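To start, the structure itself, in C-alpha cells.
Quantities reported herein were computed from a predicted structural model and do not represent experimental measurements.
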Amino acid sequence: MAGRLLDAVTKLLAELCGWLLLIVMSLIVIDLVSRAMSTPIYGVSESAMFVMIAIVYLGLPYAEKMQAHVRVELVLDNLPPQVAAVVDLVMYVLVAATMLIVLYAVGLNALGSYEGRQAIAGPTPLLIWPVKFVMVTALALFVVRIFINLVHAVRAVIGAETPRYGGS
Amino acid sequence: MDFFTTVGVGAIVALLGLLLLGMHLAVTFLLVAFCGVTILLNPDAALSLIGETMYSAIATPTYTVLPLFVLMGAFAAASGFAEQAYRSIHRAAARVPGSLAIATSFGSAAFATICGSSLATASVFGRIAYPEMRRYGYDRSFALGSIACSGTFASMIPPSGMFILFAIFTETSVGRLFMAGIVPGVLTATVYAVSMYLRARANPKLAPISDEEHEVTPRERVRALGGLWQIALLGTVVIGGMYAGFFTATEAGAVGALGTLLFGLANGPLRRFSNFRGALRDSAQITATLFFIIVGALFFSRFLGLSRIPYNLTVFLESWEVHSHVILGLILVTWFLLGMLIVQTAVFALTLPILFPIVVNLGYDPIWFCVIAMKMNEIAGVSPPVGLNAFSLAGTAGKDVRVDHVYRGVLPFILCDLGVLLLLFLFPALVTFLPDLMLD
Amino acid sequence: QSLTLSFATNTAPNNMRGEAETMFIEELEKASDGDIAVVPYWGASLMEGAEIMGGVRDGVADMGFVNINYYPNQLLLNSAYNLFPKGPAEYENIAWAFDQMYERIPELDEEFADQNQRIVYKYGVTPYAGVFKSPVETLDDMEGLRVRAASRWYLNLLEGAGATPVSMPWGDLYQGLQTGSIDGVFTNIDGIHRASLDEAAPNVYFMPDLWLAIPFIITINEDKWQSLSAEQQEAFATAAENAGERFADVWDGTIDRILQEQEEAGYNIVTASDEAVETFAGLPEVETNQEMWSEEASAAGAEDPAAILSQFDEVISEAIGR
Ligand code: NA
Ligand code: NA
C-alpha cells in the first residue's frame with residue numbers, strides 16, 4: 001500500500017518535472033520577447049533558474065526508481081553473481097548513508113536560509129528558502145527510494161531475489 | 001607528503017576504488033569529498049560546504065540552457081525529426097563509410113555555433129544521433145565516442161562559456177578568443193571526420209554498409225537531401241536569431257526547444273499525448289541524473305582544491321627553471337592529469353590564473369595559449385575516470401548505454417585531439433591568423 | 001610559521017581586485033614577520049562569490065572575500081552605500097569614507113558579527129562607466145537604450161535617466177552586446193574592461209564621480225580571530241593600513257591604463273560632464289530608492305534607518321569635500 005503510494009508520488013513528480021521544464025522554456029521565451037519589445041520583466045530568468053533547480057531534485061526519486069543513475073558496471077558484471085550481490089549491497093549501504101548525510105546538510109542549509117531570509121542578488125531579491133525546502137522534500141523522497149532498492153539488494157544477497165549483476 | 005596531500009591522494013584512490021566497484025557516480029563524489037573535507041577541516045564545515053554546494057553548484061542562470069537543450073533533444077527524438085534527418089544523410093551519403101558519424105561530427109560543430117556548453121551538445125546528440133547510428137548497425141562504442149568527443153566542439157567554437165571564463169581569468173579579449181577558436185574547432189571536426197572515414201573503411205563492423213545502400217542512385221542522393229529542410233530551417237532560425245540579436249546563447253536553448261516542439265506538433269508524433277508526456281518525463285529524468293553528477297563532481301573538485309594538490313603542482317611548475325617547451329609540456333601533462341579527475345571549470349579556475357602569466361613571460365602568445373588550454377579542456381571532458389561529457393552521454397543516450405562503453409570509444413578521438421594539438425604547436429598561425437585578420 | 005589561514009575569493013589573482021587582495025596577504029605575512037601564512041583559493045575554486053560569507057561563518061575558509069551586494073537581506077544595512085551614487089573620486093577619500101562609515105555606524109559591523117565574522121580589510125574598485133553600441137555623450141543619449149546593470153538600485157536609477165533597464169547574466173553580456181540583444185552595460189570600468197565589454201560596445205561613457213559605492217571586504221571567522229594572539233591581531237591592522245596605501249597607486253594607475261588602452265584601441269571615450277553627474281545624482285529615483293530601502297530596513301527590524309542614511313550622507317559629503 002505504502003509502496004504503491006510512493007510509486008504514484010514518484011511518477012507524479014517526474015511528470016510534474018516535465019511540465020516544469022515547459023514552464024522554464026516559456027519563462028525564457030517571455031523574457032526575451034519582453035526585452036526585445038523594450039518592456040523587460042524583472043526576475044523572470046531568476047525564476048526560471050529556481051524552477052530548474054526544483055526539476056533537478058524532484059526528478060531524482062524517479063531516476064532512482066528507473067535505476068537511471070550512472071555507475072560503472074564493468075567489474076560487477078564480471079564477478080560471480082553471489083559476490084556481485086554482496087558488493088552491490090555494500091555500495092547501496094554507502095549510497096544510503098551518504099544521502100542521509102546530504103539530506104541532513106541540505107536541511108540545515110535550508111533552515112539557515114529561511115532564518116537569514118537569504119535572497120539572490122539582482123534586480124529582485126527573491127527569497128531562496130522555498131526552493132531549498134523543495135530540495136529537502138525531494139531528497140527525502142530520494143532517500144526513501146534508495147532504502148527500497150537497499151532492501152532489494154539485501155534480498156539478492158540472501159537469495160530471495162535474482163542478483164542484478166555478475167556472471168556475464 | 002604533507003597531511004593535505006596525503007588526504008587528497010587517499011581520496012583519489014578511494015574514489016577510483018568505489019567507482020570501479022559500481023557505486024553511483026554522483027554519490028561517490030559526494031561521499032569521498034565529504035569524508036575528505038571532514039578530515040581536512042571538521043564535520044561542521046563539511047556539512048556546511050556540502051549543503052551549500054547542492055544548491056549553488058547549479059544555481060547559475062547560464063545553466064538553465066542545459067535542461068532546455070535536453071528537452072530539445074527529447075522532442076527531436078520523439079517527433080521523428082532526428083530520425084528523418086539521419087535517414088536523409090544516410091541515403092545521401094550512401095556507401096560512404098562512417099557517414100552518420102561524420103554527420104555527427106559536423107552536426108555537432110554546426111550546433112556549437114548556437115550552444116556554448118559541451119555537456120548540452122553531448123546530451124542533445126546522445127538523444128538524436130545515438131539511436132539512429134545504432135539503427136544502421138553502427139558499433140556502440142564507435143557511435144558513443146564520436147558523440148561524446150564531438151560534443152566538446154561547443155567550447156571551442158563560439159559562443160563558448162569556457163572561453164568567457166578563460167578571458168576573465170587571463171584578461172584576454174573575448175572577441176579574439178572566439179575568433180581564435182573557429183579554425184581549431186573546424187580543424188578538429190575535420191580530423192575526426194577523416195579518422196571516422198578511415199576507421200570505418202578499415203573495419204566495416206564499426207559502420208556497416210547495407211545492401212540497399214548499393215542501390216542508391218545519384219538522383220536519389222540529391223532527393224534525400226530534401227529531407228533535411230526542417231533541420232535546416234530550424235538551424236537557420238536559431239543561428240540567425242542569435243546573431244541578429246534577438247536572443248542570447250542561454251536563450252537559444254529555449255528557442256530551439258520551442259522550435260522542435262512546434263515541428264513535432266506539425267509533423268504529428270507529438271500530437272499524441274503519450275509521446276509528448278514521454279518526452280517530458282525523459283527530459284526530467286535526464287536533467288536530474290545529469291545535474292546530480294555535476295553537483296557531485298563539483299563538490300569533489302572543491303575538496304581536491306582544498307587539498308591544495310592543484311595549487312602545489314602549480315607552484316612547483318612556477319618554480320622550475322628549464323626550457324620553456326619543457327614548462328609548457330609539464331603544464332599540459334598537469335592539465336591532462338587534473339582533467340581526468342576534476343570538472344573542467346575547476347581545473348582552469350585552480351591553475352590558469354597562476355600559470356598564464358608564467359607562460360606569457362616565456363614568450364608564448366596569450367591567445368594561442370588559451371586555445372591550447374581549450375584543447376586540453378576538450379580532452380578533459382571525455383577522459384576517464386571523470387569525464388563530464390561521457391557521463392552526460394551515458395545518462396542521455398538510453399538504457400543500454402553505460403559509461404564504460406563511452407570510454408571505450410573515446411580513445412581514438414583523444415589521439416586525434418593530440419594530433420591537432422601537435423598541429424597547433426607546429427603552426428601557431430592556425431590559431432592566430434583569424435583574430436589578427438578580423439580584429440586588427 | 002605558526003599560523004596558516006585559508007582565504008576564499010572569487011577573483012583571479014592577476015587583475016585589479018586580485019592585486020588588492022594579494023597586497024593584503026603579502027602585507028599580512030610581512031607585518032607578522034612571517035608568523036602568519038595565507039593559502040588563497042582564487043577564482044571561486046573553493047566557493048562561489050555568494051557562498052563565501054556562509055563559508056567563513058562555518059569555517060570552510062578562515063578568511064573570505066565578501067561582496068555586500070551578494071547578500072541583499074543579510075547585509076541590508078551595509079547595502080545602503082548603493083543609495084548614494086555620487087562619491088569621492090580619489091582613492092584616498094574613498095578609503096577614508098569606507099573607514100568612517102564603519103566607525104560611526106556600529107550596526108554595519110554588527111551585520112557581519114551576526115555572521116560570525118569580522119572585517120579585516122576593505123578596498124574599493126573603480127568608478128562607474130557605461131559602454132554602449134551607439135555613441136552616448138550625454139545622459140539624454142541613453143534614452144530608450146536597453147542597459148544592463150547588476151543591482152536593483154542602479155537599475156532604478158537607469159530607468160530614471162531614461163534608459164530601459166534590463167537584467168542579464170554576466171556570462172551572456174559580451175555576446176548580448178555584440179549581437180545587439182542589449183544596447184549597453186553600466187558597471188565599474190575595470191569590470192567592463194576585464195570582460196572586454198568595451199570591445200563589443202566601444203562607446204565608453206566614463207563617470208568618475210559615480211563611485212562604485214560598496215567597499216569590497218575581506219573578513220575572518222570570529223572564532224579564528226579570537227584564537228589569535230594580540231600580536232597576530234595587531235598584524236592584521238598594520239597589514240590593512242600598508243596594503244591600503246600600496247593599493248591607492250594601483251587604483252589610479254589602473255584607471256589611467258584602462259583609459260589609455262581603450263584610446264589605443266580606438267574606442268570612443270567620453271567623460272561625463274559635471275552637469276550630467278549632478279543630474280544623475282539628483283534623479284528622483286535616488287530618493288525613492290532610499291525610501292524603499294528604509295521601509296525594507298524597518299521591516300527587517302532596523303531601529304532607525306533614517307538616522308543611518310543621514311550618517312551615510314554626512315560621511316560621503318565630507319569625503320567629497322576633503
Ligand atoms: Na559554442
Ligand atoms: Na576527465
CH2/C/Trp42 to OG1/B/Thr314 distance, rounded to the nearest 0.5 angstrom? 13.5 Å
Of all residues at least two apart in sequence or in a different chain, which pass the salt bridge (Lys or Arg N to Asp or Glu O under 4.0 Å) check with C/Glu261? C/Arg257
Under 4.5 Å from a heavy atom of chain B, the part of C/Met47 involved: both
Among the listed options C/Leu197, C/Val39, C/Val60, the residue most often paired with chain B at heavy-atom distances under 4.5 Å: C/Val60
Bottom line for B/Ile164: the part with an atom under 4.5 Å from chain C's heavy atoms is side chain
Select, from C/Leu177, C/Asp58, C/Leu46, C/Thr11, the one with the greatest count of heavy-atom pairs under 4.5 Å involving chain B. C/Leu46
With no hydrogens and no angle check, do the side chains of B/Ser56 and C/Glu51 hold a donor and an acceptor under 3.5 Å apart? yes
Looking at B/Val174, is its backbone amide N or carbonyl O close enough to the side chain of C/Ser196 to form a donor-acceptor pair, meaning the two atoms are under 3.5 Å apart? yes
State whether the side chain of C/Glu199 and the backbone N or O of B/Ser173 hold a donor-acceptor pair below 3.5 Å, judged by distance alone. no
Suppose a student defines contact as a heavy atom less than 4.5 Å from any heavy atom of chain B. Which residues in residues 12-20 of chain C would they list? C/Ala12, C/Pro13, C/Asn14, C/Asn15
Side chain, backbone, both or neither of B/Phe348 within contact of chain C (heavy atoms, under 4.5 Å): neither
Side chain, backbone, both or neither of B/Thr60 within contact of chain C (heavy atoms, under 4.5 Å): neither
NZ of C/Lys224: more than 12 outside heavy atoms within 6.0 angstrom? no
Portion of C/Gln175 that has a non-hydrogen atom of chain B nearer than 4.5 angstrom: side chain
Report yes if some heavy atom in the side chain of B/Leu306 is under 4.5 Å from a heavy atom in the side chain of C/Tyr41; otherwise report no. yes
B/Phe246 atom CZ, neighbour heavy-atom count above 12 within 6.0 Å: no
How far does CZ of B/Arg302 sit from CD of C/Glu48, to the nearest 0.5 angstrom? 6.0 Å
Locate the shortest heavy-atom distance separating C/Gly59 from B/Ala45; write the atom from each residue and the value. O-CB, 3.8 Å
For C/Gly54 against B/Ser48, the heavy-atom pair lying closest together: O-OG, 4.3 Å
